[in-house]
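Right, one structure below, let's go through it.
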Amino acid sequence: MSDYYYRYQDSRHGIYTKKDLPGKRLPNIPVYVLVNSRSASAAESLAYMLKHLKRATVIGEITMGAGNGAMTHKINDRFSVTIASETTINAVTKTSFEQVGVLPNVKVSSEEAFDTGYRLALNYLKEHNSRNIAPSNYESVIEFLPDSKSQATIDSSTYKKYTGTYKNGPIEIRVSMNDSNLYAEVVGRGGKLKLIPKGDHSFLVDNLKERIQFVLDDNHEIVKLIGIDSPMDLNKIK
């Protein structure tokens, strides 16, 4: 899988997969590895090897690029110095990720990496449905995942029309905007939840498995806030 060249010893040490492993091998199961700009050293090495063996899909940001190993040398009783002394040589690329990092197969922000991998996994299961699960079950779960494409289509000026207070009986929700993001809070309970756009005036409530939708009248003014996955029906009061 990879060689490690030790400069001080002028020697190489390789790492390999084992021929004999307990349990069942799963060569056809998709693997998704999530990385970000802080992934370094051994974390990068694992992602790099799996990517170039075509055994995994790497998702996220370009990693740190810390591919060379180092040795620490004692100078005296008070000081020591760490010097790079070990080069990684991948079996496939014949080079390493030093200074360049691991380039993801799917490049997204760190915040989007998990949902992107989850969506890919669900779509794979839907397409390779060996257990005959109704496709709608997968689709309903996918529907709850944030969609980065729909987020990119809505700017802060569009958000302003959604802001305001919505109420029905004892339930009152205040929708506000901050840093170009939309938030909702239940008045009297505290705590704001980010609203993630899903299109057609609907949003996913972050951290909750619930979608909401703003209702427009004939003049394209927002008049209601309703729940797609709940019976919530609130009128805009201001």
Side-chain angles (χ1 to χ4, degrees), residues 1-131 138 141-142 145-149 152:
M1 296 177 70
S2 190
D3 272 349
Y4 296 92
Y5 172 69
Y6 297 91
R7 179 159 56 94
Y8 289 108
Q9 301 173 356
D10 190 25
S11 63
R12 286 194 180 204
H13 169 70
I15 58 172
Y16 308 85
T17 57
K18 292 185 177 180
K19 292 183 179 180
D20 300 315
L21 289 173
K24 182 181 178 181
R25 291 178 182 267
L26 303 170
N28 298 318
I29 297 296
V31 176
Y32 304 96
V33 179
L34 309 184
V35 295
N36 63 21
S37 60
R38 297 183 301 279
S39 299
S41 192
E44 291 180 283
S45 184
L46 175 64
Y48 191 80
M49 287 187 287
L50 290 177
K51 174 188 175 181
H52 290 290
L53 286 171
K54 300 188 185 301
R55 186 59 190 90
T57 300
V58 180
I59 303 169
E61 302 167 340
I62 298 175
T63 60
M64 188 175 290
N68 290 343
M71 293 181 64
T72 300
H73 307 267
K74 185 176 180 181
I75 298 175
N76 54 36
D77 291 339
R78 297 180 63 189
F79 296 98
S80 62
V81 60
T82 301
I83 302 174
S85 57
E86 178 185 321
T87 302
T88 305
I89 306 170
N90 182 266
V92 177
T93 66
K94 308 304 180 185
T95 184
S96 80
F97 47 88
E98 172 66 22
Q99 296 188 348
V100 297
V102 180
L103 305 182
N105 299 104
V106 182
K107 189 177 178 181
V108 296
S109 70
S110 176
E111 293 76 14
E112 296 172 305
F114 177 83
D115 289 325
T116 300
Y118 194 17
R119 185 184 299 276
L120 289 173
L122 288 169
N123 279 316
Y124 176 87
L125 290 172
K126 179 184 171 183
E127 294 170 6
H128 301 78
N129 197 345
S130 59
R131 297 186 180 182
Y138 292 115
V141 178
I142 293 172
L145 296 177
D147 187 347
S148 59
K149 292 181 180 179

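Just so it is clear, the model here is predicted, and its values are computed rather than measured. Positions are given from 1 along the sequence.
- Here the shortest heavy-atom pairing between Met71 and Ser85 reads CG-OG, 3.1 Å.
- Between Ile62 and Lys107, some side-chain heavy-atom pair lies under the 4.5 Å cut-off.
- Using a 4.5 Å cut-off on side-chain heavy atoms (C-beta onward), Val141 and Tyr118 make contact.
- Rounding to the nearest 0.5 angstrom, the gap separating the CZ atom in Arg25 from the OG1 atom in Thr17 is 7.0 Å.
- Remark: Arg119 CZ to Lys126 NZ distance equals 11.0 Å, nearest 0.5 Å.
- Scanning both residues, Ser45 and Tyr4, for their nearest heavy atoms gives OG-OH, 3.4 Å.
- A donor-acceptor pair under 3.5 Å links the side-chain atoms of Glu44 to the main chain of Ala66, judged by distance alone.
- Within the 4.5 Å cutoff, side-chain heavy atoms of Lys51 are placed close to those of Leu103.
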Yes or no on side chain to side chain contact (heavy atoms under 4.5 Å, CB included) for Lys18 and Asp20, after CA distance, side-chain angles and deciding distance?
-> CA-CA 6 Å; Lys18 292 185 177 180; Asp20 300 315; 6.0 Å; no
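- Val108 places a side-chain heavy atom less than 4.5 Å from the side chain of Ile59.
- Of the inter-residue distances, the one linking Arg12 atom CZ with Ile89 atom CD1 reads 3.5 Å to the nearest 0.5 angstrom.
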Go through Val35 and Val102 one step at a time and tell me if the side chain to side chain contact (heavy atoms under 4.5 Å, CB included) criterion holds.
-> CA-CA 9 Å; Val35 295; Val102 180; 5.8 Å; no
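- Ser2 and Thr88 make their closest contact through OG-CG2, 3.4 Å (heavy atoms, listed as atom of the first residue, atom of the second, distance).
- Residues Arg7 and Ile83 are in side-chain contact: their nearest non-hydrogen atoms beyond the backbone lie under 4.5 Å apart.
- Annotation: side chain of Pro104 is in contact with side chain of Val58 (closest heavy-atom distance under 4.5 Å).
- One finds the CG atom of Asn36 at 8.5 Å from the CE atom of Met64 (value rounded to the nearest 0.5 Å).
- Looking at every heavy atom in both residues, Thr63 comes nearest to Ser39 through CB-O, 3.4 Å.
- Taking 4.5 Å as the limit, some side-chain heavy atom of Tyr8 sits within range of a side-chain heavy atom of His73.
- Within 6.0 Å of the CG atom in Asp77, the count of heavy atoms belonging to other residues, nucleotides or ligands does not exceed 12.
- Taking CG of Leu53 as the reference point, atom CG of Asn90 lies at 7.0 Å (rounded to 0.5 Å).
- The minimum heavy-atom distance linking Ala113 with Leu34 is given by the pair O-CD2, 3.6 Å.
- Heavy atoms only, all atoms of each residue included: Met1 and Tyr16 are closest at SD-C, 4.3 Å.
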Under the side chain to side chain donor-acceptor pair (under 3.5 Å) rule, what do Tyr48 and Thr93 come out as? Steps first, then yes or no, please.
-> CA-CA 10 Å; Tyr48 191 80; Thr93 66; 2.9 Å; yes
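- Under the 3.5 Å distance criterion, the side-chain polar atoms of Glu127 are left unmatched by any main-chain donor or acceptor of Tyr124.
- You'll find the side chain of Val106 reaches within 4.5 Å of the side chain of Thr116, heavy atoms only.
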